[in-house]
Amino acid sequence: MSDLSTTSTQSRPAAAGPDLRSRRADFPILATTNRHGKPLVYLDSAATSLKPQAVIDAADAYNREYSSNIHRGIYEIAERATTAYEGARASVAKLINAPEPAEIVFVRNATEAINLVAYSWGRRNIGRGDSIVLTEMEHHANLVPWQLLVQEKDGDLEFVPITDDGLLRLEVFEVLLHLKPKLVAFTHVSNMLGTVNPVREMTEMAHAAGALVLIDGAQAVPHMPVDVQELGVDFYVFSGHKMLAPTGSGALWARRELLEAMPPFMAGGDMIREVHLRRSDWNEIPWKFEAGTPDISAQIGMGAAAEYLMAIGLDAVRDHEHEMVAYALEVLRRDVPGIELYGPAADRRGGVVSFNLPGIHPHDVAQILDRSGICVRAGHHCTMPLHERFDLAASARASFNVYTIREEIDALATGLREVARIFDR
Amino acid sequence: MSDLSTTSTQSRPAAAGPDLRSRRADFPILATTNRHGKPLVYLDSAATSLKPQAVIDAADAYNREYSSNIHRGIYEIAERATTAYEGARASVAKLINAPEPAEIVFVRNATEAINLVAYSWGRRNIGRGDSIVLTEMEHHANLVPWQLLVQEKDGDLEFVPITDDGLLRLEVFEVLLHLKPKLVAFTHVSNMLGTVNPVREMTEMAHAAGALVLIDGAQAVPHMPVDVQELGVDFYVFSGHKMLAPTGSGALWARRELLEAMPPFMAGGDMIREVHLRRSDWNEIPWKFEAGTPDISAQIGMGAAAEYLMAIGLDAVRDHEHEMVAYALEVLRRDVPGIELYGPAADRRGGVVSFNLPGIHPHDVAQILDRSGICVRAGHHCTMPLHERFDLAASARASFNVYTIREEIDALATGLREVARIFDR
Amino acid sequence: MDDLYRDYILEHYRRPHNFGVLEAPTTSYEGSNPLCGDRITMMLGISDGVVREVAFTGRGCAISQASASLLTDEIKGKTVAEVEEMTPDDLLDLIGIDISPARLKCALLSLDTVAHALADDAAKQAEAQGQTQA
Amino acid sequence: MDDLYRDYILEHYRRPHNFGVLEAPTTSYEGSNPLCGDRITMMLGISDGVVREVAFTGRGCAISQASASLLTDEIKGKTVAEVEEMTPDDLLDLIGIDISPARLKCALLSLDTVAHALADDAAKQAEAQGQTQA
Ligand SMILES: Cc1ncc(COP(=O)(O)O)c(C=O)c1O
Ligand SMILES: Cc1ncc(COP(=O)(O)O)c(C=O)c1O
């Protein structure tokens, strides 16, 4: 398939080695074909990742062998469920080097995690005139909850602008910090530009100005080593379904003192210590924030996904995706005439490449690629203000994960030439 | 196993017929045994239900064949996922005879549904001095969110008391309605007493007094025909995991006008129409309330569970569970000396029987039953105030579902005699 | 090769009919599909209950633009009542290709925008009539 | 027959040692485990740094009650320092049966309550000393 291997220039990626081949065999969906018999070329991992057999099996085993509620059952399968659920918490804590599993709150997704912080921490700590600093490249999940909060509390939002290359303008950030914001919240990796932001440096700046820092790690955790202690941040959120885990799983990490001081978000069973008709008090963290029956099977799956990623090694994951991105930027630029590529150079980005073909709407691009089994996203990728910033109505996006291979990027390039051909007829 | 079949008195239930036998074969977990090789006798369905193969397969197929994000993908597997997810919404709507699928909001569980209403409808509609009427038999999920709301808004909670038989005292309800509450919220079926409350009658009374009505259907939907239009209520909530579906699935139903007038609860992707840096507007219902990537696989499973239940027929489900409850009350009363049983007679209850053995803590009861593979719940079942009402520290609870058979109730009776024997030695 | 990008669709996309502005439209409306960034402004010149003139501008995908091109051809010369009766299925028949659920909004944006323009016009006339009667 | 309900555990449950009230305890504490409704009040009589007297009342499951019975036997006559050093594992050894994770809180409630009672006592003495010094 790769008609490029002979012409490759300075970065000459090795063909997918035996490791990667056998890794692909872990993902049953990669053996499927589409309605035209074409194999799946899944380049939409930033939207949601594929699931390996180990994760599917972990969730399945719960349903088949020990389906029961957790924490309160004094019988064998309930104890097994509790152990598996709390074990998953420990695995997820390890994945991001959280100091203790109790600091991991399980949630449905990154969106819920941010809303939890906005409702619980935010409503208590943001008052009239207080400001929150975000950036122009935030996903709606890390923007709209803060809009609602400042509307309610009469606070302000400020935005770190970006360069045309898609990098945050730190000199403006510096100035915004003079406003003494209470919170700085930004994405670790942009889901449209791919930009990897300098979290540690910006966190130091924010802390020096007295702000807490929340990082949206939805596009970072599955793709690179993340160590919340080394980053020094205060809140870190991510989604399970983007890190090989089932939909319905996700996590908020925050420092113990913060979680302990925060009032509950949702209320109900399991998050309480004592309930009377007119007052109640709360359970310890993390359970204080996990009201009702959690998504036991999905979170067990998330634990399995964390173990799967750690077994590959997050450095290896990062290297692989870096190789894919470098290769994609090179091939697309060279082989797809007129393509517009957004975002910074390969060494400053995660596994995301957004682009447009001149004069062709990304919906049409995606639709034509679909015939060949190639899945890319088209639209605003939940970053409308960022698209406005670049004066784009929409863009197409290819995004990678541990199972992505060069041949898929080759297929994308071939597919894009076909799109151009159809529209040029 | 049933040493009772010859001595059975007035209600002589038929032995589990071929239908029920083959239905049990649908639940893979029922073929498992515990560490002592004893078959599973699962009597904790009120905590969470077992999952049939059809549900496991539905969730699995998503993970194996068309794992992708919904609503925005222009490629084959994303369209399949969107169709399956929205199809599940239609099935769930049909299960409770909702006028239209758009009135079904997918949530993690009943708890989230109630919190959604408390945050979104409640914070806008409950003000200083406004009252909300609940009952003494509410699950913490339908109590603590309202406590938080009235604490914030300086409103009041009032409680309908219950009789010693576990029935709501409607004459007191009548009086409480003179307070002109804004909302009346109560459980359709009590998860401790099993009481089936007269929803329709109470709703008429509440509406006549100008209150809206929210029903906690967590213990009703999987066990009997529920028709929200016939009941005439305003909000109806339930959990998927108690109705044979995966954990992580659940639904809020509310009338279109209510949902449209309510502000969003969580904010993020998918729930918006347009996002600018400082303001946004909202998507149509139900998506306005589904921020971020939903639990696609679990909700698809919930659709399959709804279809599974409808295929059995909810009247048949209700009859079966009624038979089990009548049998359990009869057998336990007759064969377990001194047992204390809580709640009303069989014809006013769902598939729940709570009890205590005199002088023996329910934890010890559950633990000893576990040896024989019998799973019952022990504790307060998230109804602390109700336990206080009966001056109980805790109770044990057996609860049933479509797969429960008389032999399991016989096993429970035998097990309880063994518990008593051990403690009497 | 599947149906969606037939030559005549692409032809309508490349050289849309009735693309442009009316000098003095009786009614106009800007419809948009924020999720994909499609935008269409429909301008109608109505007299004696008949759509005499129609033009549109906008940007968007091939489906939405071709749909607008085909629809404007179709409604020109029709009575307002006839246009109001057009259903999504009528428009889809006109387009003549299978539209997948994900693209329905693109295909139907033009009709939706026309419907809004007509509703605005009807409201204006009702108001005018109200004022005359008052 | 598994380990949990051995005869000596049931014996301690039925006839717990040191069950009752002290007339004038130096310190006492009520611990509870709201999730299961277990409640234990521990009363200690301490002099010269030694636990001279100990009694408890309460209600709860066999495990929590037997644990309190065994623990009170164990600490009577020990120095405060020795008692403070007792770990959950020490208590579990004393109970001598395998406790599943779900029952750990029941088993450890007695020790937790004693620890609170001692902490209260230490705080009281520190305060008294502070006042003397002031
Ligand atoms: C009556 C009732 N309401 C609400 C709930 C809460 O359900 P969930 O934990 O699924 O949110 C339960 C389940 O425990 C229940 O029995
Ligand atoms: C950067 C970023 N933040 C947040 C989200 C929201 O993730 P979820 O939909 O899982 O809550 C996404 C995913 O779309 C994302 O890319």
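Below, chain A is the first sequence line, B the second, and so on; all start at residue 1. Keep in mind it's a predicted model, so treat the numbers as computed, not measured.
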Looking only at heavy atoms and a cut-off of under 4.5 Å, which of B:Glu388, B:Glu112, B:His139 has the most pairs with chain A?
B:Glu112
With the side chain counted from C-beta on, respond yes when B:Met271 and A:His140 share a heavy-atom pair under 4.5 Å apart, and no when they do not.
no
Given that the side chain runs from C-beta out, which part of B:Arg123 has a heavy atom under 4.5 Å from chain A: side chain, backbone, both or neither?
side chain
Out of B:Asp60, B:Leu50, B:Thr32, which one racks up the most heavy-atom pairs below 4.5 Å with chain A?
B:Asp60
With only heavy atoms counted, which part of B:Ile77 is less than 4.5 Å from chain A, the side chain, the backbone, both or neither?
side chain
With chain B, the option among A:Leu277, A:Leu143, A:Ile114 that has the most non-hydrogen atom pairs under 4.5 Å is A:Leu277
Residue A:Val150 versus chain B: region with a heavy atom under 4.5 Å:
neither
Is the ring centre of A:Tyr85 less than 6.0 Å from the ring centre of A:Phe106?
yes
Applying a strict 4.5 Å limit to non-hydrogen atoms, the region of B:Glu158 in contact with chain A is both
Checking B:Pro294 against chain A: side chain, backbone, both or neither under 4.5 Å from a heavy atom?
backbone
B:Val107 versus chain A, the contacting section by heavy-atom distance below 4.5 Å
backbone
Using heavy-atom distances under 4.5 Å, tell me whether A:Asn63 contacts chain B through its side chain, its backbone, both, or neither.
both
So which of A:Glu136, A:Lys51, A:Met266 has the biggest tally of heavy-atom pairs under 4.5 Å with chain B?
A:Met266
Using heavy-atom distances under 4.5 Å, tell me whether A:Leu157 contacts chain B through its side chain, its backbone, both, or neither.
both
Where on B:Asn34 is there a heavy atom nearer than 4.5 Å to chain A: the side chain, the backbone, both, or neither?
both
Does some side-chain heavy atom of B:His241 sit less than 4.5 Å from a side-chain heavy atom of B:Met302?
no
Sole candidate of B:Arg35, B:Lys38, B:His36, B:Arg371 that passes side chain to side chain donor-acceptor pair (under 3.5 Å) when paired with A:Glu76
B:Arg35
Of all of B:Cys382, B:Ala366, B:Ser280, which one pairs up most often with chain A through heavy atoms under 4.5 Å apart?
B:Ser280
If you count heavy-atom pairs within less than 4.5 Å of chain B, which of A:Tyr66, A:Phe159, A:Tyr42, A:Trp146 leads?
A:Phe159
A:Glu79 and A:Thr82: side chain donor to acceptor below 3.5 Å
no
Do B:Val160 and B:Val133 make a side-chain contact, defined as non-hydrogen atoms from C-beta onward lying under 4.5 Å apart?
yes
Partners meeting side chain to side chain donor-acceptor pair (under 3.5 Å) with A:His363 (sequence neighbours left out):
none
Quick check on the interface: out of B:Leu134, B:Ile272, B:Leu30, B:Leu40, who has the most heavy-atom pairs with chain A under 4.5 Å?
B:Ile272
Highest number of heavy-atom pairs under 4.5 Å with chain A: which of B:Arg377, B:Gln53, B:His276, B:Glu65?
B:Arg377
Residue B:Leu148 versus chain A: region with a heavy atom under 4.5 Å:
side chain
Winner by heavy-atom pair count (cut-off under 4.5 Å) against chain B, out of A:Gly379, A:Pro246, A:Gly248
A:Gly248
Identify, with sequence neighbours excluded, every residue that meets ring-ring contact (aromatic ring centres under 6.0 Å, His included) alongside B:Tyr75.
none
Contacting region of B:Gln151 [heavy-atom separation from chain A under 4.5 Å]
side chain
Classify the ring geometry between B:Phe265 and A:Tyr119 as parallel (under 30°), tilted (30 to 60°) or perpendicular (over 60°).
tilted
Interface moiety of A:Asn115 toward chain B, non-hydrogen atoms closer than 4.5 Å
side chain
Classify the ring geometry between B:Tyr403 and B:Phe27 as parallel (under 30°), tilted (30 to 60°) or perpendicular (over 60°).
perpendicular
Distance-minimising heavy-atom pair for A:Pro263 and A:Phe289:
O-CE2, 3.3 Å
Taking every heavy-atom pair that is under 4.5 Å apart, which of B:Gly373, B:Gly269, B:Ser49 has the most such pairs with chain A?
B:Gly269
Quick one: pull up OG1 in A:Thr135 and CG in A:Asn142 and give me the separation to the nearest 0.5 Å.
8.0 Å
Run the side-chain contact (heavy atoms from CB on, under 4.5 Å) test on A:Ser399 and A:Leu43 for me, step by step, so that the C-alpha distance in whole Å, both residues' side-chain angles and the decisive distance to 0.1 Å come before the verdict.
CA-CA 5 Å; A:Ser399 54; A:Leu43 297 174; 5.9 Å; no
Hey, which of A:Gly73, A:Ser249, A:Ser239, A:Gly250 has the most heavy atom pairs under 4.5 Å with chain B?
A:Gly73
